[in-house]
*Asks:* 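Can you keep this structure in mind? I'll have questions shortly.
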Amino acid sequence: MSPRTGRPTDDPKHNQYKVRLSDTDMQKLDYAATTLKQPKAEVIRQGINLMYAKAQKK
């Protein structure tokens, strides 16, 4: 049996970052994830990509 388990990926996610959210921010994240039918982590990644693109335009 191989030592690695889970689905193989071309973009492994090894880094973790902890963030504190207000109740309102958490509700917004929950709503976005549910409405878009995506995991919360993916919603956050998309938000990072949007802000990164915005920063590059400056």
Side-chain angles (χ1 to χ4, degrees):
M1 184 183 230
S2 130
R4 291 193 59 184
T5 58
R7 238 182 297 170
T9 179
D10 293 334
D11 187 19
K13 316 286 189 285
H14 298 293
N15 300 306
Q16 291 186 8
Y17 189 80
K18 186 176 178 179
V19 65
R20 293 172 52 146
L21 300 175
S22 68
D23 290 341
T24 304
D25 290 339
M26 194 64 202
Q27 288 173 352
K28 289 177 184 178
L29 179 58
D30 287 337
Y31 177 79
T34 302
T35 303
L36 299 172
K37 295 184 173 112
Q38 295 184 348
K40 291 176 190 174
E42 184 58 31
V43 173
I44 292 168
R45 280 189 212 101
Q46 289 178 6
I48 291 169
N49 289 332
L50 285 171
M51 295 306 294
Y52 180 76
K54 184 178 178 179
Q56 283 187 317
K57 289 181 183 178
K58 285 191 169 195

*Asks:* Throw together a table of side-chain donor-acceptor distances under 3.5 angstrom for residues 28-36, partners on residues two or more places apart or in other chains.
*Replies:*
residue: Asp30; atom: OD1; partner: Lys40; partner atom: NZ; Å: 2.8
residue: Thr34; atom: OG1; partner: Asp30; partner atom: O; Å: 2.8
residue: Thr35; atom: OG1; partner: Tyr31; partner atom: O; Å: 2.8

*Asks:* Name every donor-acceptor pair, under 3.5 Å, that has one atom in a side chain of residues 41-49 and the other anywhere in the protein, sequence neighbours excluded.
*Replies:*
residue: Glu42; atom: OE1; partner: Arg45; partner atom: NH1; Å: 3.0
residue: Gln46; atom: NE2; partner: Gln38; partner atom: OE1; Å: 3.1
residue: Asn49; atom: ND2; partner: Arg45; partner atom: O; Å: 3.4

*Asks:* Considering residues at least two apart in sequence or located in another chain, which fulfil the side-chain hydrogen bond (donor to acceptor under 3.5 Å, both in side chains) criterion with Asp11?
*Replies:* Lys13
*Asks:* Ignoring hydrogens and angles, write down the donor-acceptor pairs under 3.5 Å from the side chains of residues 51-58, residues two or more places apart or on other chains.
*Replies:*
residue: Tyr52; atom: OH; partner: Gln56; partner atom: NE2; Å: 3.1

*Asks:* Which residues satisfy the side-chain hydrogen bond (donor to acceptor under 3.5 Å, both in side chains) test with Thr24, sequence neighbours excluded?
*Replies:* none
